[in-house]
Amino acid sequence: QVQLVESGGGLVQAGGSLRLSCAASGRSLSFYTMAWFRQAPGKERESVAGIGRSGGNPLYADSVKGRFTISRDNAKNTVYLQMTSLKPEDTAVYYCARRVADWVTTAIYLYDFWGQGTQVTVSS
C-alpha cells in the first residue's frame, strides 16, 4: 500500500523556520515528480513548490520564492520543504503529492496521490 506521510509541521513565530518532510512507503519516490501544496482555512488549495524525479527543475509559487526550498532524497524516499522567514500568511495545512509524468507542474488536478497533510501555524 503506497503512503505519503507528512511531518514537521507545528507552531512557529513569524520570521522562524520549519522543515517539512514527506516520507513515502511502497514504490520508490524516484519514479515520481513531487510537489507541496497548502490550504489555508476558507481558501482553495494552492501550489507551493514542485521538484522533478531526479531533483531538478524546482518550481516555486511567487509567494514563497526565496524563502522556501524543496529538495528530495530518493535513497531515503523522502521529499523536504525547508521554510524560512515564515509569515502569518503561510499558515495552512501542507500536503505533499506525487505524479508519474516527469515534468513539474503547479496544476493540482495532475497529481494523483496525496498525503494527509501537516499543520503549519505562524504567529505574528
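Because only heavy atoms are used, hydrogens play no part in the values below, and waters and symmetry mates are left out as well, while side chains stay in. From a predicted model like this one, the values you see are computed outputs, not experimental measurements.
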Enquirer: Looking at residues at least two apart in the chain, or sitting in another chain, which of them share a ring pair (Phe, Tyr, Trp, His ring centres under 6.0 Å) with Y111?
Expert: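 Expected list: F37.
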Enquirer: Within a strict 4.5 Å, meaning less than it, do heavy atoms of the M34 and L4 side chains meet?
Expert: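 Yes; the side chains approach each other to less than 4.5 Å.
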Enquirer: How long is the span from the OG atom in S30 to the CG atom in D102, to the nearest 0.5 Å?
Expert: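 These two atoms lie 10.5 Å from each other.
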Enquirer: Any salt bridge (Lys or Arg N to Asp or Glu O under 4.0 Å) pairs touching residues 109-123, not counting sequence neighbours?
Expert: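 Qualifying pairs: R98-D112.
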Enquirer: Tell me whether T84 contacts the main-chain N or O of R67 through its side chain, where contact means a donor paired with an acceptor under 3.5 Å.
Expert: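 Looks like yes, one N/O pair under 3.5 Å.
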Enquirer: List the atom pairs, donor and acceptor, that lie under 3.5 Å between side-chain atoms in residues 49-62 and the rest of the protein, sequence neighbours left out.
Expert:
unit_1: R53; atom_1: NE; unit_2: F31; atom_2: O; d: 3.1
unit_1: R53; atom_1: NE; unit_2: V100; atom_2: O; d: 3.3
unit_1: R53; atom_1: NH2; unit_2: V100; atom_2: O; d: 2.4
unit_1: Y60; atom_1: OH; unit_2: I70; atom_2: N; d: 2.9
unit_1: D62; atom_1: OD1; unit_2: K65; atom_2: NZ; d: 3.1

Enquirer: With a 3.5 Å distance limit and no angle check, can you tell me whether R72 reaches the backbone of L29 through a side-chain donor-acceptor pair?
Expert: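 Yes: the side chain of R72 pairs with the backbone of L29.
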Enquirer: Between Q3 (side chain only) and G26 (backbone N and O only), is there a donor and an acceptor less than 3.5 Å apart?
Expert: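 No: the side chain of Q3 does not pair with the backbone of G26.
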Enquirer: Mind checking what makes side chain to side chain donor-acceptor pair (under 3.5 Å) contact with T121, not counting sequence neighbours?
Expert: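 Per chain and number, T121 pairs via side chain to side chain donor-acceptor pair (under 3.5 Å) with Q119.
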Enquirer: Determine all donor-acceptor pairs shorter than 3.5 Å in which one atom belongs to a side chain in residues 15-24; sequence neighbours excluded.
Expert:
none

Enquirer: Specify the closest pair of heavy atoms between V48 and V64, including all atoms of both residues, with the distance to one decimal.
Expert: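 Of all heavy-atom pairs spanning V48 and V64, the closest is O-CG2, 3.5 Å.
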Enquirer: Can the positive tip of R45 be found less than 6.0 Å from the middle of the six-membered ring of Y95, inside 45° of the ring normal?
Expert: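 The answer is yes; both the distance and angle limits are met.
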Enquirer: Are L81 and V104 co-members of a hydrophobic cluster defined by side-chain heavy atoms under 4.5 Å apart?
Expert: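 In one cluster: no.
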Enquirer: Compare all side-chain heavy atoms of F68 with those of D90 and state whether any distance is below 4.5 angstrom.
Expert: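 Contact flag for F68/D90 side chains = yes.
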Enquirer: Applying the 4.5 Å side-chain criterion to the ILVMFWY set and letting contacts propagate, would I108 and F113 be lumped into a single cluster?
Expert: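 As far as the 4.5 Å side-chain criterion goes, F113 and I108 are not connected within one cluster.
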Enquirer: Shortest non-hydrogen contact from S124 to P88?
Expert: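 Looks like CB-CG, 3.8 Å.
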Enquirer: Any donor and acceptor pair, going by atom type alone, linking the side chain of T91 with main-chain N or O of E89 inside 3.5 Å?
Expert: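 Checking the backbone N and O of E89 against the side chain of T91, no donor-acceptor pair under 3.5 Å is found.
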Enquirer: Grouping I, L, V, M, F, W and Y whenever their side-chain heavy atoms are under 4.5 Å apart, do Y80 and V120 come out in a common cluster?
Expert: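 No, Y80 and V120 fall in different hydrophobic clusters.
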Enquirer: Check the pair Y94, Q39 against side-chain contact (heavy atoms from CB on, under 4.5 Å), reporting the backbone distance first and the verdict last.
Expert: CA-CA 7 Å; Y94 284 71; Q39 188 166 18; over 6 Å; no
Enquirer: For a 4.5 angstrom cut-off between non-hydrogen side-chain atoms, does W103 reach T33?
Expert: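 No, their side chains stay 4.5 Å or more apart.
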Enquirer: E46: what forms a side-chain contact (heavy atoms from CB on, under 4.5 Å) with it, not counting sequence neighbours?
Expert: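 Counting only residues at least two positions away or on another chain, E46 forms a side-chain contact (heavy atoms from CB on, under 4.5 Å) with R38.
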Enquirer: Answer yes or no: is there a donor N or O on one side and an acceptor on the other, between the side chain of N74 and the main chain of N77, under 3.5 Å?
Expert: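 No, the answer is negative, given that no donor and acceptor are paired below the 3.5 Å cut-off.
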